[in-house]
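Structure below; questions to follow.
It should be emphasised that the depicted structure is a prediction, and the values quoted were computed from it without experimental measurement.
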Amino acid sequence: MTFKRLLDEHDQIDEALGALEALVNAETADPIGAMLALSKLAHELRVHLANEDSMLYTRLAVRLDPTYARAAVRFATEFAELRRDWDVYLREWQLDSIESDWPTFCKETAAMTLRLAERVRAENAILYPTALRVGLLALRKSEGAGIAA
């Protein structure tokens, strides 16, 4: 995995977040459009999480001095909580529930998309540059590049 690829995936996630936000902020309800946008966002997140080494947080904590290592562990803990909340959100908001309670869907979606967007920004600004700096990520693909062991 490379720094550039992770950032490119975040761009795709941001685009999917924007599309979903636009639908829930529109004047008229569009449950089918929202479900399609939600499915697209869920797909982008699945792809990203499959590509993002889940051990990145742990490896980062090991490579940093204790003060920063604690911050990396906290970052990982917060991410685990967001993933649990995202899974609950996805189970709760299927087409029938979106259609039957559009206002609540919009409210909960606004809160969730904000949390996801904040996480993307934090990873772009803090996690990935730090992982790059300590040698866990390559800047871009070259022969044999990826997450270092």
Can you list the residues that meet the salt bridge (charged side-chain N to carboxylate O under 4.0 Å, His left out) rule with D30, with sequence neighbours excluded?
none
Can you tell me how far CH2 of W86 sits from CG of L49, rounded to the nearest 0.5 angstrom?
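That separation rounds to 10.0 Å.
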Is it possible for you to say whether V134 and V73 belong to one hydrophobic cluster, with membership spreading through side-chain heavy-atom contacts below 4.5 Å?
no
If you measure from OG1 on T2 to CG on L7, what distance do you get to the nearest 0.5 Å?
8.5 Å
Candidate pair F3 and D8, rule side chain to side chain contact (heavy atoms under 4.5 Å, CB included), full reasoning:
CA-CA 9 Å; F3 184 77; D8 288 346; over 6 Å; no
Side chain proximity check, I98 to I32, heavy atoms < 4.5 angstrom
no
Residues in salt bridge (charged side-chain N to carboxylate O under 4.0 Å, His left out) contact with D11, at least two apart in sequence or another chain:
none
Which distance, rounded to the nearest 0.5 Å, do you find between the CD of E92 and the CE of M112?
9.5 Å
Contacts of E78 meeting salt bridge (charged side-chain N to carboxylate O under 4.0 Å, His left out) (sequence neighbours excluded), chain-then-number -> R74
Check the pair T109, L23 against side chain to side chain contact (heavy atoms under 4.5 Å, CB included), reporting the backbone distance first and the verdict last.
CA-CA 10 Å; T109 298; L23 285 164; over 6 Å; no
Does a side-chain heavy-atom distance below 4.5 Å link R70 with F75?
no
Heavy-atom side-chain proximity of L36 to K40 below 4.5 angstrom:
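SC-SC contact between L36 and K40 ruled out.
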By ring pair (Phe, Tyr, Trp, His ring centres under 6.0 Å), which residues pair with F79, not counting sequence neighbours?
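F79 satisfies ring pair (Phe, Tyr, Trp, His ring centres under 6.0 Å) with Y57 only.
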Co-membership, hydrophobic cluster, residues L116 and L6, 4.5 Å side-chain:
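No, L116 and L6 fall in different hydrophobic clusters.
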Could you give the distance from CD (Q94) to CG (L38), rounded to the nearest 0.5 Å?
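Between atom CD of Q94 and atom CG of L38 there are 8.0 Å.
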Atom CG in D87, atom CG in L82: separation rounded to 0.5 Å?
9.5 Å
Quick one: do T77 and E81 satisfy side chain to side chain contact (heavy atoms under 4.5 Å, CB included)? Show the steps, please.
CA-CA 6 Å; T77 302; E81 181 181 323; 5.9 Å; no
Which atom pair, heavy atoms only, marks the closest approach of P129 to E123?
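That would be CD-O, 3.7 Å.
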Treating Ile, Leu, Val, Met, Phe, Trp and Tyr as nodes and any side-chain heavy-atom pair under 4.5 angstrom as an edge, say whether I13 and L127 lie in one connected cluster.
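Unlinked, I13 and L127 end up in two clusters.
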Aromatic ring pairing F105/W93, orientation class (parallel under 30°, perpendicular over 60°, tilted between)
perpendicular
Gap separating the NZ atom of K4 from the CZ atom of R140, nearest 0.5 angstrom
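It is 9.0 Å, given to the nearest 0.5 Å.
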Is there a continuous path of hydrophobic side-chain contacts, each under 4.5 Å between heavy atoms, that joins V120 to I126?
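Different hydrophobic clusters.
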Considering residues at least two apart in sequence or located in another chain, which fulfil the side chain to side chain contact (heavy atoms under 4.5 Å, CB included) criterion with E21?
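Residues passing side chain to side chain contact (heavy atoms under 4.5 Å, CB included) with E21: N25, T113.
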Quick one: are R5 and K141 in side-chain contact, heavy atoms under 4.5 Å?
no
Of all residues at least two apart in sequence or in a different chain, which pass the salt bridge (charged side-chain N to carboxylate O under 4.0 Å, His left out) check with R115?
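Only D85 meet the salt bridge (charged side-chain N to carboxylate O under 4.0 Å, His left out) criterion with R115.
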